[in-house]
Colleague: 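Structure provided below as structure tokens; questions to follow.
Just so you know, these numbers come straight off a predicted model, no measurement behind them. Order of appearance sets the numbers: ligands from 1, and atoms from 1 within every ligand.
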Amino acid sequence: MPYDYDDQNIFAKILRGEIPNTTVLETEHTLAFEDIAPEAPVHTLVIPKGAYVCFDHFAADASDAEIVDFNRAIAEVCRIKQVVPGDGQGGYRMVANSGENGVQDVPHMHVHILGGRHMGRMIPRSS
Ligand code: 5GP
């Protein structure tokens, strides 16, 4: 399906250097930076440098090199932030909000890395 990428979104502006960010990691195809409104002691965003709207767009159209780089960058961010299970802060949650029902505010593909506290159940158990 065609994806309509808005190059005026806030992460596109960060990638172009028009808005500052606190960079955690930069690789050939990926940028990781601190979320401006953290919801946990660790809250880092990982974005591909390419113009992808959401995860399914990225998975469908990104090159193998971009996909490998992105996934390795996520793992490296987890090591940098010391949230890898068994490494200090005891694990993390990855979230990729996509589209309206996913409550995605910024239409540039991104993964949230959340940690530094117990994140609670994502979907409460009914019993
Ligand atoms: P979404 O709801 O799209 O999954 O998450 C977007 C995230 O981007 C939010 O957690 C929000 O705090 C973060 N954010 C929005 N604007 C900026 C900004 O200008 N700089 C940074 N670093 N994060 C931002």
Colleague: Applying a strict under-4.5 Å side-chain criterion to I, L, V, M, F, W and Y, I'd like to know whether Leu25 and Val68 cluster together.
Modeller: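 Different clusters: Leu25 never reaches Val68 through Ile, Leu, Val, Met, Phe, Trp or Tyr contacts under 4.5 Å.
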
Colleague: With the criterion set at N/O pairs under 3.5 Å, what does the list of contacts between the protein and ligand 1 look like, atom names and distances included?
Modeller:
| from | atom 1 | to | atom 2 | distance (Å) |
| --- | --- | --- | --- | --- |
| ligand 1 | 2 (O) | Val103 | O | 3.3 |
| ligand 1 | 2 (O) | Asp105 | N | 3.3 |
| ligand 1 | 2 (O) | Asp105 | OD2 | 3.3 |
| ligand 1 | 3 (O) | Asp105 | N | 2.7 |
| ligand 1 | 3 (O) | Val106 | N | 2.9 |
| ligand 1 | 3 (O) | His110 | NE2 | 3.0 |
| ligand 1 | 4 (O) | Asn97 | ND2 | 2.8 |
| ligand 1 | 4 (O) | His110 | NE2 | 2.8 |
| ligand 1 | 4 (O) | His112 | NE2 | 2.8 |
| ligand 1 | 5 (O) | His110 | NE2 | 3.3 |
| ligand 1 | 5 (O) | His112 | NE2 | 3.3 |
| ligand 1 | 10 (O) | Asp35 | OD1 | 3.3 |
| ligand 1 | 10 (O) | Asp35 | OD2 | 2.5 |
| ligand 1 | 12 (O) | Asp35 | OD1 | 2.5 |
| ligand 1 | 22 (N) | Glu34 | O | 2.9 |
| ligand 1 | 22 (N) | Ile36 | N | 3.4 |
| ligand 1 | 23 (N) | Ile36 | N | 3.3 |

Colleague: Any pair with a residue in residues 77-96 that passes ring pair (Phe, Tyr, Trp, His ring centres under 6.0 Å), sequence neighbours left out, goes on the list, sorted by first then second residue, please.
Modeller: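 Checked against ring pair (Phe, Tyr, Trp, His ring centres under 6.0 Å) - neighbours excluded - no pair reaches residues 77-96.
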
Colleague: When you group the ILVMFWY residues by side-chain heavy-atom contacts below 4.5 Å and let the links chain together, are Ile67 and Ile113 in the same group?
Modeller: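 Shared cluster, yes.
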
Colleague: Once salt bridge (Lys or Arg N to Asp or Glu O under 4.0 Å) is applied, do any residues pair with Arg79, and if so which ones, sequence neighbours excluded?
Modeller: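 Residues passing salt bridge (Lys or Arg N to Asp or Glu O under 4.0 Å) with Arg79: Glu76.
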
Colleague: Scan residues 31-51 for pairs that pass ring pair (Phe, Tyr, Trp, His ring centres under 6.0 Å), counting only residues two or more places apart or in two chains.
Modeller: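 Sorted pair list: Phe11-Phe33, His43-His112.
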
Colleague: Is any side-chain N of the basic residue among Lys81 and Glu34 closer than 4.0 Å to the acidic one's carboxylate O?
Modeller: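 Looking at Glu34 together with Lys81, the answer is yes, because their closest N to O distance falls below 4.0 Å.
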
